Each structure stands twice: as structure tokens, then as C-alpha cells.
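Heads up, the thing below is written out as C-alpha cells.
Order of listing sets the numbers, starting from 1, for every ligand and every atom in it. This structure is a prediction, so every number in the text was calculated from the model and none was measured.
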Amino acid sequence: MRIIRFEEKQSQNPVLAAVTEENKVYSLPYSSFLEVIEVAKTKDVRPVDLVNEIITQSVPLTESFDELKLLVPVEAPEVWAAGVTYQKSKEARNYEATNGKLDATTFYDKVYDAERPEIFFKSTKERTIGPSGDLFLRSDSNWQIPEPELGLVLGSEGEILGYTIGNDMSCRDIEGENPLYLPQAKLWARSCSIGPAILLAETVEDPYQFEITCKIYRNEELVVEGSASTNQLKRKFDELASFLRKDNIVFPGTVLLTGTCIVPPNEFTLDDGDQIEIEISNIGKLINPVKSQVAQVAK
Ligand code: DO4
Ligand code: MG
């Protein structure tokens, strides 16, 4: 069972809805994903049971899922991200930090094996965009890529309420130049997208079996394609969430991205007009066009 938000055509108001496995869409009498969680808690039922009860008493929308103008499924007050949680990411970070001339152990090797994971601040509600929104390129970077990641939607205790898709856009040149530049390599306006749906946690049998694919199109031609599975993750999701929670405040609806396992070829950089498609099994496809602010000003 998935939860989405979409913009109602006439009123342009956001509507919360549930999407069944058959792709049928039912609007829900709540204003947000977090309200579903709250009401379920009050009634002492699982969120999926609450949603199923509503669905059995209502009719699906006449519009199909593909016709809806989707919004972020949750207005995450904060987005955090874990890094170097997959072998592939460790290799890519070592490449950019050493210009491909790795000859010693790096701090990326160390963090991959350390007890404490890398967790960094990625985005806020105001900087995060949803399905179909434009992702911006940074104007002072010449080497930018998407990072397709599974996102955990967390409650205030750091508990995993659901799963979504996230794009941790990154500047490999800034990150590789100096690790102290990480916040600038990761965080700028519209450098993070999430969506299109939240898959309720209690409906997922094994979160280490998600298949992730990423496709990048340029002038409608497929220029990058990669796939991976969450079974390649070095850590556990609860472990990542518990480190975020340690001595910290976790605002309900916070999204924790869990690291990238797909890296485009080293010679690739994103360009104005590219389209990024990230798909995760049972969650959906997060599609975003890419815009260079420099190219927009020059036009
Ligand atoms: O240390 C850099 C961040 C790595 C990252 O974002 C990832 O592995 O996904
Ligand atoms: Mg990342």
C-alpha cells in the first residue's frame, strides 16, 4: 500500500490518497501522511489497516495514477543522508578524492568499515522538490551526478514509517577537492527530490530486496543506465536511523536517504535539459528534469 499526495485539478489543493497494488487510487480523509500515522496510533491499528478500512468503504478515483499531478508524498521538515554505505560509493568517492590514483587507505575506506556511519544534513522542506519538479545544477561545479537512494520516512522516535525514493544530487569535483566542502557538494536549492510515493513499512516483507534502477536521458536518448539492490547495503536501516536519532531531535516526517549504489561513469556529468528517472520496486518512479540556472539566465 502506497501513500501519495497530488494536486486536485480544479481547486489545485493537495489531496492525500492511497494507491493499491492494482494501481487504484483512493482519496483519504486526512491532510498528510503523518495524520494517517497519528490516527492509526490513536485507534491502536496499523496504518495499513486504517487505510484498508477506508478503501473498502469508498470508490477509487476515475483518474488513473499516471494522470495525477503528484506532489512530494511528505513535506519532510529535514532530509538527512547516509554516505559510503555501498562498496560502489566507496570506490567512486576514492576515485574523485585521488583523481583515480588511489595508493593508500582513505577516510572513505575507514568510514565504510567503522561502527559509526557517515550521516550528513541534506535538505529542508523548502529546498526539496517532488515528482516532475526541476532539479537545479550548481553553477560552480563541472561534475554533477544524481544519487538514486532508498529513503526512510521516520517518526519522532526514529522509527521507520515507510519507504520512498530520493535523489541526493552531488558535485563530485567539490566533494573530491576537499572533504570539508561536503555541505556545498550536497546542499543547494532544489538539489534533492523525493517521491513519488511512500510504501507503508508494515507492508514490506524484506527491505533488503528493493531493486533500484536509474536512467538518464539526454535529448530523449538514454545516456546512462544502472541498477542495484538494497541487498548490497553494508549496514542495516535501523542502524542508520538510530545514529541519526542519537542525542538528536527527529522531526516526524524526516527522510533519511540511505546511500547510493549506482554511480554514472566517471566521465559523465549532468547537463541542462537532462531527465533523471529513478525507479524502486513497489514504490514507483521518480522523474525529474535537470535545469542549469546559468543556462536559464543566458537564454
Ligand atoms: O561522503 C560522501 C557522501 C556519499 C554519499 O552521498 C553516498 O554514498 O550516497
Ligand atoms: Mg548519497
Legend entry - Any side-chain donor near an acceptor of the partner, Asp134 and Asn288, under 3.5 Å: no

Legend entry - Heavy-atom neighbours of Asn219 CG exceed 12 at 6.0 Å: no

Legend entry - Tyr86/Tyr112 aromatic ring centres below 6.0 Å: no

Pick out the protein N or O atoms lying less than 3.5 Å from any N or O of ligand 1, and list each pair with its distance.
{"residue": "ligand 1", "atom": "1 (O)", "partner": "Glu118", "partner atom": "OE1", "Å": "2.9"}
{"residue": "ligand 1", "atom": "1 (O)", "partner": "Glu118", "partner atom": "OE2", "Å": "2.9"}
{"residue": "ligand 1", "atom": "6 (O)", "partner": "Glu147", "partner atom": "OE1", "Å": "2.9"}
{"residue": "ligand 1", "atom": "6 (O)", "partner": "Asp168", "partner atom": "OD2", "Å": "3.0"}
{"residue": "ligand 1", "atom": "6 (O)", "partner": "Lys186", "partner atom": "NZ", "Å": "2.7"}
{"residue": "ligand 1", "atom": "8 (O)", "partner": "Val84", "partner atom": "N", "Å": "2.8"}
{"residue": "ligand 1", "atom": "8 (O)", "partner": "Ser89", "partner atom": "OG", "Å": "2.5"}
{"residue": "ligand 1", "atom": "9 (O)", "partner": "Glu147", "partner atom": "OE1", "Å": "3.0"}
{"residue": "ligand 1", "atom": "9 (O)", "partner": "Glu149", "partner atom": "OE2", "Å": "3.0"}
{"residue": "ligand 1", "atom": "9 (O)", "partner": "Thr260", "partner atom": "N", "Å": "2.9"}

Legend entry - Closer than 2.8 Å to the Mg ion (ligand 2) - protein N, O or S atoms, ordered by chain and residue number: Glu147 OE1, Glu149 OE2, Asp168 OD2

Inset, instruction - Verify the distance criterion only: is there a donor paired with an acceptor across the side chains of Lys186 and Ser170 at less than 3.5 Å? - result: yes

Inset, instruction - Check step by step if salt bridge (Lys or Arg N to Asp or Glu O under 4.0 Å) holds for Lys122 and Glu78. - result: CA-CA 8 Å; Lys122 172 65 189 176; Glu78 295 182 344; over 6 Å; no

Legend entry - Distance under 6.0 Å and angle within 45° of ring axis: Lys90 vs Tyr95: no

Inset, instruction - State which residue, out of Phe121, Phe243, Phe120, fulfils the ring-ring contact (aromatic ring centres under 6.0 Å, His included) condition with Trp80. - result: Phe121

Inset, instruction - Identify the two heavy atoms, one from Pro196 and one from Leu70, that lie closest to each other, and give their separation to 0.1 Å. - result: CB-CD1, 3.7 Å

Legend entry - Gln57, CD atom: more than 12 neighbouring heavy atoms under 6.0 Å: yes

